[in-house]
Amino acid sequence: MHFDLDLRLVRYFTVVAEHLNFARAAAALHLAQPSLSRQIQRLEEMLGVRLLERTTQGSRLTAAGAAFLPQAQALLHAARRAALSARAAAPPRTITVGYLEDLVITPAVRDLRRRHPDAHVRTRHLDWDEARALPDGQVDVLVARTPLPIPGDGLTETVLYDEPRVLLVPAGHRLAGEESLTRDDFADDPLVACAGVAPMWARFWRLEPRPDGQPAPLALVVDTFEDKLELVAEGRALAVVPAGDRRVTLRDDLATVPVEGIEPCQVVVVHRTGDRNPLVADFMTSARTFLTSPWTAG
């Protein structure tokens, strides 16, 4: 029998097994608890066995789960060791630059290649939930927006610029065309949420906590950013998004309006603390020089 195990699901299982509590494991993983439960169910379906049983006190390992746990831990350790060994064996003039979602890193990468024509400079596009590629050694630096969807332990973060957050509305919405808004202008409108995001991430983009301490009205929960755009375009919800997100500009049935009185997100470049690869430091210099804020230019 052939198995293609998803190492991310295996890691989720080991964390749940460590805490024996889905809520605490979800907090440790920076995931929403319902999403973590679904991921564990996916792993169980893949293996064809039940790994965990919920109890009134939390959760406990089944016999299959207890047998699987040490093998799962060894598998994760071996995978990490393999990735780091491969990186260590790579030529010293090698760097992999990761970037999340719609962010563009071309000017900085072009400058790094110009200054180091003999270096092997790779780029890797990542979805929001693949940011662990940095601490896992699959990329050497990461350009992303805050809040980061991963714990910051062992990582060094450098802010490139602040990016305002704006309200995304259907093109025909009552608020479309306004010069600016405050959160009071849309306090009663439901804001769409994405499944599986870390609670800190979700609260930031849903402007929680609200001034009155109440949660934002919740619309449907979707799986991807593209699903979020579709839900807003249909007029079923609104969303708060980065002002520079290029995916929004591809649609003429959506509009954005500046929101006053809320903190911006930040575009950052992150690397593993203590990384001695000289190309990492050089990319940081290129990023600070060429990945600049379009809201303060000129």
Side-chain angles (χ1 to χ4, degrees), residues 30 97-112 123 125-131 134 139 141-153 155-169 175 178-186 191-194 197-211 216 225 228-229 232 238-250 254-271 273 280-298:
H30 290 251
V97 181
Y99 58 107
L100 291 186
E101 300 189 304
D102 70 299
L103 292 170
V104 173
I105 59 172
T106 307
V109 172
R110 183 187 296 122
D111 179 65
L112 185 66
T123 61
H125 178 262
L126 301 166
D127 291 331
W128 71 268
D129 58 349
E130 296 178 307
L134 176 61
V139 301
V141 291
L142 179 69
V143 179
R145 287 186 178 93
T146 59
L148 290 178
I150 55 174
D153 300 341
L155 303 178
T156 298
E157 180 180 311
T158 300
V159 176
L160 298 177
Y161 58 86
D162 290 347
E163 181 177 14
R165 289 183 287 169
V166 297
L167 184 68
L168 183 67
V169 302
L175 297 176
E178 295 287 335
E179 289 188 6
S180 65
L181 303 168
T182 68
R183 66 175 70 190
D184 291 338
D185 293 319
F186 54 95
L191 295 181
V192 63
C194 283
V197 301
M200 176 182 65
W201 177 291
R203 289 192 295 268
F204 183 80
W205 291 108
R206 286 172 40 76
L207 304 183
E208 293 178 343
R210 296 296 177 93
F225 187 86
K228 177 185 291 188
L229 299 185
V232 174
L238 308 181
V240 176
V241 299
D245 197 303
R246 292 166 173 81
R247 293 167 291 185
V248 173
T249 63
L250 299 176
L254 296 171
T256 58
V257 188
V259 181
E260 298 179 353
I262 63 173
E263 64 177 305
C265 61
Q266 294 179 318
V267 174
V268 298
V269 58
V270 194
H271 68 280
T273 303
V280 169
D282 285 347
F283 178 79
M284 302 287 288
T285 299
S286 296
R288 287 192 295 266
T289 302
F290 291 96
L291 304 184
T292 57
S293 171
W295 292 277
T296 59

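Values reported hereafter were calculated over all heavy atoms of this structure, with side chains retained and with hydrogens, waters and symmetry mates removed. Not measured: the values here are computed from a predicted model.
The shortest heavy-atom contact between Leu100 and Asp127 is CD2-O, 3.3 Å. Minimum interatomic distance between Arg183 and Val259 (heavy atoms only, all atoms of both residues): N-CG1, 4.3 Å. Here the shortest heavy-atom pairing between Ala239 and Val192 reads CB-CG1, 3.7 Å. Taking both residues in full, the closest heavy atoms of Val267 and Arg145 are given as CG2-CG, 4.2 Å, listed atom of the first, atom of the second, then distance. Looking at every heavy atom in both residues, Phe204 comes nearest to Pro147 through CD2-CD, 3.5 Å. Closest non-hydrogen pair, Leu155 versus Leu134, comes out as CD2-CD2, 3.8 Å.
For the atom pair Thr292 OG1 and Leu160 CG, the distance stands at 9.0 Å (nearest 0.5 Å). Atom CE of Met284 is separated from atom OG1 of Thr158 by 3.0 Å, given to the nearest 0.5 angstrom.
You'll find the side chain of Ile105 stays beyond 4.5 Å of the side chain of Val269, heavy atoms only. Side-chain contact between Asp102 and Phe225 is absent, with no heavy-atom pair separated by less than 4.5 Å. Two residues are said to be in side-chain contact when any heavy atoms from C-beta on lie closer than 4.5 Å; Cys265 and Trp205 meet this criterion. Annotation: side chain of Leu291 is not in contact with side chain of Tyr99 (no heavy-atom distance under 4.5 Å). Here the side chains of Leu142 and His271 are not in contact, with every heavy-atom distance at 4.5 Å or above. The closest side-chain heavy-atom distance from Phe283 to Val143 is below 4.5 Å. A heavy-atom distance below 4.5 Å is found between the side chains of Pro151 and His30. Proximity of Leu167 to Val240: side-chain heavy atoms (C-beta onward) are separated by under 4.5 Å at one or more points.
Here the side chain of Asp111 pairs no donor or acceptor atom with the backbone of Ala108 at under 3.5 angstrom. Formation of a donor-acceptor pair under 3.5 Å by the Arg246 side chain with backbone atoms of Leu103 is not found in this model. Side-chain atoms of His125 come within 3.5 Å of backbone N or O of Glu101 as a donor-acceptor pair. Remark: side-chain polar atoms of Ser286 are paired, donor with acceptor, to backbone N or O of Asp282 under 3.5 angstrom. At least one donor-acceptor pair under 3.5 Å links the side chain of Thr146 to the backbone N or O of Gln266. Glu157 places no side-chain N or O within 3.5 Å of a backbone atom of Val268 that could act as its donor or acceptor partner. Put simply, the side chain of Glu178 never gets that close to the backbone of Leu175: no donor and acceptor are under 3.5 Å apart.
The side chain to side chain contact (heavy atoms under 4.5 Å, CB included) test with Val166 singles out one residue from Val248, Ile262, Val241, and that residue is Val241.
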